[in-house]
Each structure stands twice: as structure tokens, then as C-alpha cells.
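Counting from 1, the numbers follow the sequence of the chain as shown. First listed ligand is number 1; within each ligand, the first listed atom is number 1. In this text the structure is predicted, and so the values were computed from the model without any measurement.
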Amino acid sequence: MLVVGNWKMNLDLAAARQLTSAIASGIGSTDNVDVGVCPPFVDLDAVYAILHGSGIRLGAQNMHEADSGAYTGEISGPMLRAVGCHYVILGHSERRQFFGETNDGVSRKARKARSHRLVPIVCVGESLPQREAGDHERVVERQIQESLADIEISDASELVVAYEPVWAIGTGKTATPEQVASMHGHIRRLLEHLFGRAIGSEIPILYGGSVKPSNAEELFAQPDVDGGLIGGAALKAEDFLAIVNAARR
Ligand code: 13P
């Protein structure tokens with residue numbers, strides 16, 4: 001199981017240090033669960049220093065596809081590696097919605113992330129109108145096929161997929177366990193098709209969207225749910241640690 005906190009555009013340096021210290025001191029062993037946190041870029045270096053030795057891994061929330069150059073305001077894969085990142089979230093629905101990210105762009109970034117030995121956490125998920133129209137499976141299928149086009153991995157630990165239905169993000173409205181199980185099963189079949197059964201059956205598929213301590217255990221118990229990508233509840237150490245504990249059970 002894998003639990004990753006996506007802090008989004010929250011927490012300045014002091015607050016990031018405080019939360020990281022609380023998580024690192026409360027985590028105990030990471031023997032039977034993988035844990036990651038993805039702070040804003042400006043907090044990465046300080047968070048890494050505190051995480052060191054805790055077993056918790058660092059991730060970023062986005063990455064540019066070039067290694068360096070005239071791309072004002074952007075951050076590259078080598079820069080993320082240099083501050084200790086293991087993961088990079090790519091194609092989050094907020095990036096797709098507010099910053100025009102496309103499946104093609106996500107696939108280029110994901111390939112680039114792999115070339116720098118970063119593990120991409122590639123996000124997919126349908127909007128409410130798409131679900132209501134019964135298009136959710138088709139939408140996610142296309143996102144998976146196009147966002148993961150031409151990525152080469154030799155081990156399932158080199159890629160993570162996160163299913164985050166847009167209507168469940170930050171809304172308090174969680175997808176039902178049945179909806180989650182059904183979509184994760186669909187994604188599993190697509191991954192097996194794309195990467196072959198041996199690897200595709202082992203790539204972690206995270207659920208994201210209003211995961212909290214009270215619903216984590218039931219969601220994590222669904223077939224093909226290998227953990228969670230946590231937004232709001234990752235900003236409170238107590239809640240995040242409770243969700244990590246739910247993944248251990
Ligand atoms: P919430 O947990 O706040 O719904 O956010 C989920 C998410 O977008 C994680 O990437």
C-alpha cells in the first residue's frame with residue numbers, strides 16, 4: 001500500500017516544516033506501507049532535510065519536460081532529483097483544468113521523469129458531467145492510453161497511477177466503494193494490456209478524492225486499490241497518520 005499527501009498550494013516554509021516534523025515523528029515504521037509527501041516546490045529542500053531517515057519519500061506536484069532553459073517559472077526533473085524527490089505528480093486534474101495540461105503533455109513529462117529516475121504519479125479521472133453521461137470509463141481509458149503512451153518501465157515500482165474523480169476532489173463527496181472498485185478494475189485491465197500482465201498487475205493504483213480517516217479503511221479494502229492520494233486531510237498530521245494506519249490494516 002502507498003499513501004501520498006498532495007499539499008497543493010498550501011503551507012509556507014514554517015508551516016511545512018512543522019507538519020513534516022509532526023508526520024515524521026508520528027509515523028513509526030514504514031515497513032508495510034510506503035508513504036510520500038508532495039509539498040510546494042519552495043518547501044521541498046527543507047522538507048527533505050526533516051524527512052531524512054524517516055522512510056517517508058519526497059515528491060513534487062509538477063515538472064517541466066525540459067532539463068533546463070528559458071522557461072520562466074518552471075522546474076525541471078534534474079532540479080527535483082537534486083533536492084531529493086522520488087515521486088512527481090503529473091496531470092493532476094487541477095493542472096489539466098486550470099493550466100491546460102493535456103494527455104500528450106503528461107506523457108512527455110512522464111517519459112522525462114523516468115529518464116531522471118523519478119516515479120511519476122499520473123492522475124486520471126472524469127468530471128461530473130462525464131460521469132452523469134455514462135462516459136467515465138471511456139474518458140479514463142483515453143487518459144490512461146494517451147498519458148502513459150510510450151513510457152518504458154522495467155518494474156511496476158517505476159510508475160503510479162492515481163484515479164481521482166474530479167467531482168470528489170475537495171468536495172467532501174467520496175466516490176462509493178463500488179464506483180472505486182469498478183473503475184480501479186477497469187484501470188487494472190488497461191495497465192495489464194499496456195505493460196503486460198506481470199508488470200501491469202503490480203503497478204500501484206491510488207484512489208484520491210475526499211479520503212479521510214473515517215472512510216480510508218473501506219476505500220483501501222476495495223480490490224485494485226493500492227492506497228490513496230490525499231489532499232485536504234494530508235495537511236493535518238493526525239489525519240494523515242490515521243489514513244496511513246488505515247493502509248497498514
Ligand atoms: P482532497 O483529498 O482534498 O479531495 O484532494 C484530493 C486530491 O486532489 C489529491 O491529489
Side-chain angles (χ1 to χ4, degrees), residues 1-11 15-16 19 23 34-41 43-44 47 56-63 80 85-99 101 103 106 109-110 113 118-128 130-131 136 139-140 143-144 147 159-177 179-180 183-184 187 204-220 222 225-247:
M1 293 293 260
L2 168 63
V3 177
V4 177
N6 173 11
W7 296 1
K8 309 192 180 183
M9 195 175 72
N10 294 293
L11 309 184
L19 177 62
I23 293 172
D34 289 323
V35 181
V37 292
C38 303
F41 289 131
D43 300 336
L44 287 170
V47 168
I56 301 170
R57 287 182 165 133
L58 186 66
Q61 299 173 18
N62 184 29
M63 188 195 95
L80 297 181
C85 284
H86 177 84
Y87 297 111
V88 58
I89 298 172
L90 295 176
H92 190 281
S93 65
E94 288 148 16
R95 302 271 343 150
R96 294 175 185 265
Q97 188 180 348
F98 303 128
F99 303 98
E101 293 215 357
N103 291 334
V106 173
K109 289 182 177 191
L118 289 158
V119 175
I121 301 177
V122 174
C123 301
V124 297
E126 80 286 357
S127 66
L128 189 57
Q130 288 167 335
R131 169 141 311 245
H136 45 288
V139 167
V140 168
Q143 288 175 331
I144 292 273
S147 303
L159 174 67
V160 177
V161 172
Y163 170 57
E164 301 202 308
V166 177
W167 46 273
I169 295 178
T171 57
K173 207 174 148 188
T174 317
T176 66
Q179 287 171 325
V180 173
M183 185 61 89
H184 280 235
I187 294 172
I205 308 175
L206 309 184
Y207 169 76
S210 300
V211 178
K212 3 180 216 274
S214 58
N215 61 22
E217 193 163 353
E218 187 180 21
L219 290 164
F220 294 166
Q222 301 310 309
V225 175
D226 304 303
L229 185 55
I230 320 299
L235 299 175
K236 275 181 68 187
E238 190 188 340
D239 288 357
F240 186 66
L241 291 170
I243 293 169
V244 170
N245 277 331

Over all atoms of both residues, closest heavy-atom pair of G170 and S210: N-OG, 3.9 Å
I230 N/O to ligand 1 N/O under 3.5 Å: no
Contacting atoms of ligand 1, where contact means under 4.0 angstrom from a heavy atom of L229: 9 (C), 10 (O)
Contact check, side chains of N215 and E218, non-hydrogen atoms, under 4.5 Å: no
Distance-only side-chain donor-acceptor flag, Q61 / H92, under 3.5 Å: no
Atom 2 (O) of ligand 1: the protein heavy-atom neighbour that sits closest, reported with distance to 0.1 Å: G231 N, 2.9 Å
Under 4.0 Å to a heavy atom of N6 - the qualifying atoms of ligand 1, by number: 9 (C), 10 (O)
Test item, G209 contacting ligand 1 (heavy atom, 4.0 angstrom): yes
Atom 5 (O) of ligand 1: the protein heavy-atom neighbour that sits closest, reported with distance to 0.1 Å: K8 NZ, 3.3 Å
CA sep, side-chain torsions, deciding dist, call: K212, T174, side-chain contact (heavy atoms from CB on, under 4.5 Å): CA-CA 9 Å; K212 3 180 216 274; T174 317; 4.0 Å; yes
Least distance between heavy atoms, S147 atom then V106 atom: CB-CG1, 3.9 Å
N or O contact, T171 vs ligand 1, cut-off under 3.5 Å: no
Atoms of ligand 1 close to A168 [distance to a heavy atom under 4.0 angstrom, numbered from 1]: 4 (O)
Nearest heavy atoms of A168 and Y207, plus distance in Å: CB-OH, 3.6 Å
Option whose closest heavy atom lies nearest to atom 3 (O) of ligand 1, chosen from G172, A234, C38, G232: G232
Greater than 12 external heavy atoms within 6.0 Å of K236's NZ: no
K212 touching ligand 1 at heavy-atom level, < 4.0 angstrom: no
N or O contact, E94 vs ligand 1, cut-off under 3.5 Å: no
Those atoms of ligand 1 less than 4.0 Å from some heavy atom in G170: 1 (P), 3 (O), 4 (O)
Residue and atom name of the nearest protein heavy atom (relative to atom 7 (C) of ligand 1), distance in Å to one decimal: E164 OE2, 3.1 Å
Aromatic plane relationship, H184 with Y163 - under 30° parallel, 30 to 60° tilted, over 60° perpendicular: perpendicular
Nearest non-hydrogen partners of L58 and P39, listed with the distance: CD1-CD, 3.8 Å
